Amino acid sequence: MSSSSVTVVEERILQYGRKEKLSWWGKTKNFRTAMLYLFPSILLFSIFLFYPMLRTVYLSFFLTDAQGVASLFVGFENFAYILQSSVFRKSMVSTLLFVLYTVPSSVIIALFLALLANEKLRGIGFFRTILSSTMGMSVAASAVIWLFLFHPTVGILNSFLNIIGISSIPWLLDPQWALISIAITTVWMNTGFAFLVILGGLQNIDQHLYENAEIDGAKYRYQLRRITLPMLSPTLFFIITITFINSFQSFGQVDILTQGGPAEATNLIVYAIYRDAFINYQFGTASAQALILFILVFGLTILQFKFGEKRVHYQ
Amino acid sequence: MKKVTLSHVSKSYDQQSFAVDDVNVEINPGEFFVLVGPSGCGKSTMLRMIAGLETITAGDLSIGENRVNHMPPSKREISMVFQNYALYPHLTVEENILFGLKARKMNKIERNERCQEAADLLGLTPYLQRKPRELSGGQRQRVALARTVVSQRPICLLDEPLSNLDAKLRGYMRTEIRQLQKKLGITMIYVTHDQVEAMTMGDRMMVLKDGKVQQVGTPLSIYNQPKNLFVATFIGAPPMNTLPLSLSQDRSLMFMNEKISLATPVSWRTLLNTKDHFHLGVRPEQVFPAEEVLEPSIKFDVTIEDTEVLGNETHFTFTLGKATWKAKWQGQWPKNIGDLLSLAVPLEAAYLFDTDTEEIFYSGQVQLSEGVQVL
Ligand SMILES: Nc1ncnc2c1ncn2[C@@H]1O[C@H](COP(=O)(O)OP(=O)(O)OP(=O)(O)O)[C@@H](O)[C@H]1O
Ligand SMILES: [Mg+2]
């Protein structure tokens, strides 16, 4: 486009592109309509989400009694205490490690399975059902299944290891292994949903693109890199974000498998909050931790959007 | 340059019926070959078998001298344009054009040279850095064509490439594709359901119906000598008029219905000796005002039910027996709905079809010397 044409366009906009003047009532028409539609969900969110959040912020500035009633205003002392506490620091490290263990592996495994299940093979519907079945399983049920699998003497994992000549692993009893065991359970639980979403994304890709690539002589790897992954990027971005947030919030599997032990190795942040609040009745410090977790997840998610979204190709 | 040969090629998806049924044809190098037929007749299936995207149930497909039934698509030396263009939405126009060449690891200098050439040829140079969604339908179409140009492969398959465009652009792209084919000298196999495209673009065309080949030939030969009732009514706009007629015992009268009859032309009587029924077919441009026809003809009077004046030609619609017919006259005729018309069809412009087999058994062989007008 030549520069002269741009100036003509600019001139035209200056000359005729006047904004219409609307009254305040007219200007907010769209806004008011939107609010009307949003009202039911805003109401529910307010009661079950926004109010508890504000309440958490409030509590984090107080010492509380055993009933959780704020009794003494302490300002930022709860935060200061938390940030110096070695238990909290250890919990943070475990949580970050846990996120590192679970997010990439969940997504990569789900992607791999989805790629397999996306092939047109006889009876593939059966595999699709099986592979997405963990989605329909509650956290408690999954954790109990894995509790049996991890059992040091009668657990099937150790029996299997013994058969192939490897000595037993103290899955949930060893501080080194416990976090990994929880991570394995979590990856297994995450896979169903991630698999289903990614498979949906794969099936949405126009088959003609692959046929065209096939005719052009593109090999499978090239097609995967140049067509599948870019076309799938919005789906992958979604599932990474969701898995990431879920990982930070893991609780059920910790509660059932290890209760934060051994030696606090699996005391993930949400479990630590739970212990502080409902076992030690320290609602103030628990709220402070919850707030720190919130800010952390919020910040990391924003970073993810800022840097991750550049690589996402929306259609 | 290689020819494409199909012999007894069939395709069945469900092992019960044929989507493509026993096709035999030889497509010559450098030819513009059109597959035409109504929706669902198996055109795409046939094209995709040639491309190797669909397995062949029975028969042999050869490109050049080699049987290629099991050759993978990339080895067949073909390029293809899809109905929805199949552009990569996340890649720029340039990357789209170069996709195949990069996949084949062609060196950068030659790659860019070809891309430049193709972009110049198709007027895409200003758009090379845009994404497909920022292009108009016609421009997307040209990107798809540019991909086949850079591939420099001798055979190009196109599946209804113009069906997403508006009428005017379609007319324009028709000539553009045709010129491109002539310039590159490649073989094009072109699928369409639009008989106008088939007539105007094809060196030869194949008319398909329900997976079966109805007729293969040049557009004019198919227009002038349709093999059966289906081809006759499918090709041509407005389509050929047809009328079922039943004959009297002595073959002297042809009944349109219980009451109305026409005298059987004397020259047809021996021809119709063995028939009780037949279909009469007449092209709309062969239905003349009665006073203009001096040669032997069938004459009848009708009431005008509708008129359309299209600039320099006029279409009249009227009912003959149970059939609705159209007459196409040159010039502007100031007639009104309800007016009486005396019409005549020269005998040599008539086509007679068997009622049962729908095959043609007589055509007057009128020589349409001044060129056929199909829109
Ligand atoms: N993948 C498939 N599985 C089963 N049947 C199919 C498949 N593809 C096509 N068919 C059937 O084969 C027949 C021919 O289909 P085809 O797509 O070749 O038609 P077409 O001539 O291209 O039609 P259109 O002009 O609508 O594109 C149709 O009856 C269709 O239902
Ligand atoms: Mg088709």
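Convention: sequence-line order gives letters A, B, ...; per-chain numbering from 1. Predicted, not measured: the structure shown is a model, and the values here were computed from it.
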Determine whether a donor-acceptor pair (N or O, by modelled atom type, separation under 3.5 Å) exists between the side chain of Asp216(A) and the backbone of Leu98(B).
no
So for Lys102(B), is it side chain, backbone, both, or neither that comes closer than 4.5 Å to the heavy atoms of chain A?
both
Considering only heavy atoms, which portion of Phe82(B) lies under 4.5 Å from any heavy atom of chain A: side chain, backbone, both, or neither?
side chain
Strictly below 4.0 Å, N to O, side chains only: are Lys2(B) and Glu77(B) in salt-bridge contact?
no
Counting only N and O atoms by type, is there a donor-acceptor contact under 3.5 Å from the side chain of Asp60(B) to the main-chain atoms of Ser7(B)?
no
Under 4.5 Å from any heavy atom of chain A - which part of Arg48(B)
side chain
Do the rings of Phe305(A) and Phe237(A) sit parallel, tilted or perpendicular, given the 30° and 60° boundaries?
perpendicular
Whatever's closer than 4.5 Å to a heavy atom in chain A on Leu53(B) counts as side chain
Should the pair Phe244(A) and Phe248(A) be assigned to parallel (<30°), tilted (30 to 60°) or perpendicular (>60°) ring geometry?
perpendicular
Can you tell which part of Asp206(A) gets under 4.5 Å to a heavy atom of chain B, answering side chain, backbone, both or neither?
side chain
Option that, when pairs with chain B are counted at under 4.5 Å, heavy atom only, ranks first among Lys219(A), Glu214(A), Glu211(A):
Glu211(A)
Bottom line for Leu87(B): the part with an atom under 4.5 Å from chain A's heavy atoms is backbone
Distance (rounded to the nearest 0.5 Å) between Ser39(B) OG and Glu160(B) CD:
7.5 Å
